[in-house]
**Student:** 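Mind looking over this structure? Questions follow.
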Amino acid sequence: MKKTLSEKEVIALTNRVLAESFEIEEERLLPEKRIFADLGLDSLDTVDLVVALQKRFSITIREDERVRSIRSLGDLYTYIMTVQQEQQAGTEG
Amino acid sequence: MSPNDWRCGRDFVFDSGEIAKTVARRGLLALEIEVDPGGDVREIWDVVGQAKALGARCVSIVGDEPMGHAEVLDLVSRICSLRMQVAMFTDGAGMSAEVARFLLANEVRVILRLASGRAGLRKQLTEPGGHCGGLPEAFRSLRDAGYPARNGVLGVSVIVGAENYAELPSFWRWLREEDLEPHFELPKAPVNGARSWQSPVRAHELHSMLRVLAESDRSFGGLEWLPQPPIAGSACVRNRVSCFVTASGSVMPCQGVRISIGSVREKSLAELLRESEILQDLRDFADTIRGPCVDCEQFGRCHGCRGTAFRLTGDYLASDPLCWRNADRQAEIECLPCGVAGVVPHQKPMRLVETLVSIGERNAVVELVVPEDGPFIAASGVLERAAYPEIVAQAAAAWNGFKSRRHDGLPRGYLLGIKRFRFDGAARAGDRLVVSLFKVARFGDFGIMEGKVSKGTHVLARGEIKVWHENPRQTQGRRFPSDRESVVSGVSAPPELPTG
Ligand code: SF4
């Protein structure tokens, strides 16, 4: 059974993915920042971000309503926390 | 006897609500597990535990002869201690009186398998000393122990063939009279039997035989069911609520669709079910199956036998070629390998790929022969390097185009980027090249694919492409299964007559 990561660990790992994959400076990675408008990602970057997050957290991210409602980095942290817990417990959906 | 007293596979009953929930959460209601004599019982036990956590409550123990495993009875009692129902498919080996009593005490459904390709069905089951090994002795032990009983279903499985065709109706009736559960399955085509295989029993013969059996049930016990593939008296729902785990740990949709979606030795069952595109396609069958089945009034209650479709066409989403309703529409059922003209929007000389060879779990294989001339061929006759990413992109388009065949028009697609392409060697006009694709990730209509272009065993180029592919799946006109569906040995449902 994989270890469920704490909120702090999720935030640190997500920020590292964004910094490494999209060369965004760490100090700009704040929970209130909007992923597209403030951090400069576009829809073509989304699939790369998904692949990197899936790999880093060993989770499966599907395009559903919850993903579509993600706007800010804070939303993304919350989503990853929820999905890793669900998928470890096998209670997805 | 009222119709409800029949045990026509109605023991494991799931309603459509729980089937839909199971599909949505990518869970299980049943598990088929192969138990070989040398199988690792701890691994089997672990898989059963994972299946239980995913919602499974029925386990079918299958294999060449699962009763040959030294610890199989211990396994049965442990599975039963999880409050899961067990079905044991056996040729009768080692079925002593004591073993039979043990199985009944644990409410195990026992399904005795008669030899396929041999006549004398009743003899095989009841007359000792023949060619049927321990089957008659096993049958006697089971009956002496109290089978069949309300808490102990005894089934008899028969593969319908030319040899036993004539005696099937009387044998079916006899099984009913004896309160035994008939499992009459249609013949299974060999793997890679595409185009060349002929069923030993023709489609219309299967249809008339199933009609006779249905009429027999109606007149004898008042049980109504509609003839449809692949099991007499039942509709198969395996691909929606079950999976098959082989003795070597590979996970497959069912025993017929033998495509590995991964191994329980590498990933958890939950991860494999969650990530598998094949399972998702099969679970969404109302949107994904192609060909004449889609026009059938039974579609939704029935999706034909996926195993037969895969074995005969190489495509697990093809219409069932053995169904009598499709007998006149064989030309509409596409087989792999297939030409890609009309599957991709590209025209020659821009189109380089020629044949879609196979589709697997997040992978596909496409072939081409390097043309003599055209925009990608240098004056020296060598294929330009710029052609390789294009070939991989066209191969991806062929894969997506084939999967979208059910819908009108070709799906749109764009190559958005290429990454990490490496080259080693060159191809010349006339060389046959094989493109192996692996879908690294898909998110909405975006995908990342790894492509490898090889000549023989030599890899000429490999790299990653990012694509956008339109997904033309439509939800309009979708038909859903009937209100209640049940599972025979964890996997099938009695078909219902149309209501209107
Ligand atoms: S045509 Fe297809 S859906 Fe209709 S009964 Fe035959 S296999 Fe089932």
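All chains are named by letter (A, B, ...) in the order of the sequence lines, taking the proteins before the strands, and each is independently numbered beginning at 1. Computed from heavy atoms alone, side chains included, the values below leave out hydrogens, waters and symmetry copies.
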**Student:** Do A:R62 and B:R26 make a side-chain contact, defined as non-hydrogen atoms from C-beta onward lying under 4.5 Å apart?
**Tutor:**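 Yes - at least one pair of side-chain heavy atoms lies under 4.5 Å apart.
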
**Student:** Contact between B:F446 and A:T46 at the side-chain level, heavy atoms closer than 4.5 Å - yes or no?
**Tutor:**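 Heavy-atom side-chain distance check fails, nothing below 4.5 Å.
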
**Student:** Among B:L416, B:L269, B:I448, B:L273, who wins on heavy-atom pairs under 4.5 Å with chain A?
**Tutor:**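 Greatest number of close heavy-atom pairs with chain A: B:I448.
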
**Student:** List the atom of B:K419, the atom of A:D48, and the distance in Å for their closest heavy-atom pair.
**Tutor:**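 Where B:K419 meets A:D48 most closely, the heavy atoms are NZ-OD1, 3.8 Å.
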
**Student:** Is it true that, when you exclude B:R265 itself, more than 12 heavy atoms of the residues, nucleotides or ligands shown sit nearer than 6.0 Å to its CZ?
**Tutor:**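 Check passes, neighbour count above 12.
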
**Student:** Under 4.5 Å, counting heavy-atom pairs only, tell me which of A:V67, A:V50, A:V51, A:I61 racks up the most with chain B.
**Tutor:**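 Top count of heavy-atom pairs under 4.5 Å with chain B: A:V50.
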
**Student:** List the atom of A:Q54, the atom of B:A441, and the distance in Å for their closest heavy-atom pair.
**Tutor:**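 Heavy atoms only, the tightest pair is NE2-CB, 4.3 Å.
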
**Student:** Output all residues satisfying side-chain hydrogen bond (donor to acceptor under 3.5 Å, both in side chains) with A:D38, sequence neighbours left out; order by chain, then residue number.
**Tutor:**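 Listed in chain order: A:R34.
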
**Student:** Inspect the surroundings of CD in A:E9 and state if more than 12 heavy atoms from other residues, nucleotides or ligands are less than 6.0 Å away.
**Tutor:**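 Correct, the count exceeds 12.
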
**Student:** So with a 6.0 Å cut-off around NZ of B:K452, is the heavy-atom count from everything else above 12?
**Tutor:**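 Atom NZ in B:K452 is not packed in, count stays at 12 or less.
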
**Student:** Under a 4.5 Å heavy-atom cut-off, does chain A meet the side chain of B:K466, its backbone, both or neither?
**Tutor:**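 For B:K466, the contact with chain A is made by the side chain alone.
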
**Student:** Any side-chain heavy atom of A:L44 within less than 4.5 Å of one from B:W468?
**Tutor:**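 No, their side chains stay 4.5 Å or more apart.
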
**Student:** Kindly check if the number of other-residue, nucleotide or ligand heavy atoms within 6.0 Å of CD (A:E23) is above 12?
**Tutor:**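 No - once you tally the heavy atoms of other residues, nucleotides and ligands closer than 6.0 Å, there are 12 at most.
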
**Student:** Looking at B:R422, I'd like to know if its CZ atom is crowded, meaning that more than 12 non-hydrogen atoms belonging to other residues, nucleotides or ligands lie closer than 6.0 Å.
**Tutor:**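 Count not over threshold, so no.
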
